[in-house]
Amino acid sequence: MHIAEGILPLTWAAATTAAATPFVLGGAKEIKDRAEEDPASKPLMGLMGAAVFVISALPIPVPIAGTCAHPTGVGLAAVLIKPLPAAALTAVVLLIQALLMAHGGLTTWGANTLHMGVIGAFVGYGAFHGLRRVGLPLWVGAAAAGALADLATYGATALTMALALHGDSPVGAVAVTIALAFVPTQLPLAVLEAMLTASAIGLIVERRPDVVARLGVLVSPEAKGVPAKVWAAMAASFLALLVGASAFMATEWAGVDEAVVERFAAELGRAPWTPFINIQGDMLLFMFTVGGLLSGLALGYLGRGFFDHRRTAPDAQGERGGEAI
Amino acid sequence: MAEEGCGPTTLGGPGRVGVTLLAGMDARTKVLGVAAGLLVNLASPSAVAPLLMASGAFGALMAEGIPPALVMRRLLVPWYIAAVALSTQLFWVGHTPLLALGPLVAHQEGLAQGILIASRVVGGTALVLTLSLTTPLAELLATARWFRFPPVLVEMAGLVYRYLFLFSEEAARIQEAQVVRLGHRGWRRRIRSLGTLLGLVLLRSYDRAATVYEAMAVRGYRGAMPWEQRRKFTARDGKQALLWAAALALTWLGGYAGAWLF
């Protein structure tokens, strides 16, 4: 996720740092204000930052890839300590990661902070409280915060890298290419982060309501009805986004099939013919994507059987051992 | 991270402090030098300056006695990213064909741009390592205060770093207990266990915060940690700063010479 040192050109490094700085300073001010009201909150924030660092370094199994990846943890942080302090703490964490582990960099610190600390935190916080206001259960809001913060972080990273590095290729095509490169790990990871965030927040709310009250996690615990005009505005925004994205993608790039495969096939005298089952629109693409996702899940899960020989008798013993414990 | 990042001396790991040229250098000189070096690295029109910077940084780290294996481990991920950047720029940039792989055409301009970006990644990360592997955290925080960074952020950095290893151990301990109780058997159970682990780590962080605050208050904490720069800037430090500036100027010129030659 972190953009490495030296990847972004100087102008982009300066611009993203300038864009992220006000949020970081705003977060620092909020942390300071809270500390003046409650001096114990400062060590708490430091500990929360350390927790975010540790959480973002936890290995998570990815069934499709058969490997491990890492959550961002920023959705969880934004829900627990509000987005601006989360942005400031993320900035600090990213700085330490750049120095300690060479993950990210100093000239890309602004871009990484903007993506993960600002965009990720605000999207996660907005999703959590937006869904809570609609009246959906806590776990739905928490899951959405985890997943959307993760996806927003990676989407923003893909867009920034495309804008900075697209060269002579169309920005949209490069952005989609980079975003697609993230998909094999990030899509399952977003689902997993949703489950982890929901589980963690559920545990905290259940076991320590005093912590929840002190941090102000549930500022609007009572579900409120959403006015019809808000629903209409949300639907209109979604439609506008959908139409805009479709129009942008249609004008910018036609897809690999049309732009490359069909053109070369036609030049070689193999013009496309009408398919036997003619599905209109993007339904075929949608079905292909869903089929690929399900097949990937099945292969990732069942594929372990080819390599992991412990899943027979020792497992049964393990199960009995677990019951005994 | 945990096995090598716990070095008590420097931020980047088990580096050397106070005995060699870089380790004994004033942290303000190093921070300014690295910042200027990163600017030169990004502004260079050719790969010559970043590669000069990388070789200089490696040489300096070897002279400091930093184990080469540690440096290589730190650079593994950035170098992988550099390779990816090089391969993508080949196809995204330029019009002059270099190589055709089916419908994909690599361009000459893309090769040059890719090499430039990859060299910037290598040069930049090597330069950052010279700072992190030779400077104790306390010195870096004091330097940040000297440069008028917001005190609250400096303090957060100190606190986050201090509790980082504590939390790694805490998380590892909980995870170990879960593994012993077969909480990680099968990926479904593993995910549920990780969710519990996440919540428990956060709750323990909260409880520790209260304990830590009380302990700090007893020791005289009144809302600010004393991260102050106490070292005086001497004539020796001035000479080292001049040496660093001269090396950077030469590197910068090398970058332009490289662009002119190639």
Side-chain angles (χ1 to χ4, degrees), chain A residues 4-7 9-10 13 25 28 31-32 35 39-40 42-51 53-55 57-58 60-61 63 76 80 88-89 92-93 95-96 98-103 105-107 165-169 174 192 195-196 199-200 203-204 207-208 211 260 264 318 322 325, chain B residues 1 5 11-12 38 41-43 74-75 77-78 81 85 89 92-95 103 110 113 117 120-121 123-125 128-129 131-132 150 152-153 155-157 159-161 163-164 167-168 171 181-182 185 187 190-192 194-196 198-199 201-203 205-206 208-210 212-213 216 223:
Chain A
E5 178 63 59
I7 287 278
L10 194 56
L25 293 178
I31 292 173
K32 192 181 162 200
K42 206 187 267 183
L44 169 66
M45 290 285 173
L47 282 160
M48 199 64 86
F53 195 118
V54 173
I55 289 162
L58 283 176
I60 301 272
L76 182 70
L80 290 176
L89 281 175
V92 168
V93 164
L95 195 62
I96 297 174
L99 291 168
L100 186 73
M101 300 153 77
H103 283 187
L106 298 183
T107 60
L165 302 173
H166 69 94
D168 300 310
S169 303
V174 174
L192 289 167
M195 292 158 78
L196 292 181
S199 175
L203 185 98
I204 293 168
R207 293 199 184 176
R208 297 291 297 272
V211 176
V260 181
F264 278 88
I325 287 169
Chain B
M1 177 199 73
L11 190 58
L38 290 176
N41 185 49
L42 286 191
R74 289 280 193 279
L75 292 174
V77 173
I81 293 170
Q89 291 293 299
W92 290 346
V93 176
H95 300 287
Q113 181 71 8
I117 292 178
R120 282 175 179 168
V121 174
T125 45
V128 172
L129 281 187
L131 176 68
S132 64
V152 69
L153 288 182
E155 197 170 347
M156 284 297 118
L159 290 172
V160 167
Y161 184 73
Y163 299 130
L164 195 56
F167 269 77
S168 299
R181 288 164 179 77
L182 300 176
R185 188 184 155 273
W187 70 272
R190 191 179 299 177
I191 290 164
R192 206 181 308 140
L194 282 171
T196 309
L198 211 61
V201 168
L202 286 169
L203 282 178
S205 80
Y206 179 82
R208 263 176 206 273
V212 166
Y213 174 71
M216 286 165 75

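Chain A is the first sequence line, chain B the second, and so forth, proteins listed ahead of strands; every chain is numbered from 1.
- Partners of A200(A) under the side-chain contact (heavy atoms from CB on, under 4.5 Å) rule, at least two apart in sequence or in another chain, are L76(A), L198(B).
- Considering CG of L194(B) and CG of L192(A), their distance stands at 9.0 Å, rounded to 0.5 Å.
- Closest non-hydrogen pair, L42(B) versus A13(A), comes out as CD1-CB, 4.1 Å.
- When each of N41(B), V121(B), T196(B) is scored by its heavy-atom pairs under 4.5 Å with chain A, the top score falls to V121(B).
- In this structure the side chain of L99(A) never reaches within 4.5 angstrom of the side chain of L129(B), judged on heavy atoms.
- Taking chain B as the reference chain and counting heavy-atom pairs below 4.5 Å, the highest number among G46(A), G49(A), A35(A) is found for G46(A).
- Contacts between A28(A) and chain B at a heavy-atom distance below 4.5 Å involve backbone atoms as well as side-chain atoms.
- Neither the backbone nor the side chain of Q113(B) comes within contact range of chain A; no heavy atoms are under 4.5 Å apart.
- Residues passing the side-chain contact (heavy atoms from CB on, under 4.5 Å) test with L25(A) are T21(A), P150(B), sequence neighbours excluded.
- Taking CG from L106(A) and OG from S132(B), the interatomic distance works out to 9.0 Å, rounded to the nearest 0.5 Å.
- Residue with the most contacts toward chain A among V201(B), L75(B), L153(B): L153(B) (heavy-atom pairs, distance under 4.5 Å).
- Heavy atoms of M45(A) lying under 4.5 Å from chain B belong to its backbone as well as its side chain.
- Listed here is the closest heavy atom pair of L100(A) and R74(B): O-NE, 3.0 Å.
- In this structure, the portion of A85(B) lying under 4.5 Å from any heavy atom of chain A is its side chain and not its backbone.
- In terms of non-hydrogen atom pairs under 4.5 Å with chain A, the most contact-rich of V93(B), V160(B), I117(B) is V160(B).
- Residues W92(B) and L165(A) approach most closely at CE3-O, 3.6 Å, considering heavy atoms.
- For A98(A), the part lying near chain B is the backbone, with the side chain staying farther off; criterion is any non-hydrogen pair under 4.5 Å.
- Nearest heavy atom pair, residue G195(B) against residue L196(A), reads N-CD2, 3.3 Å.
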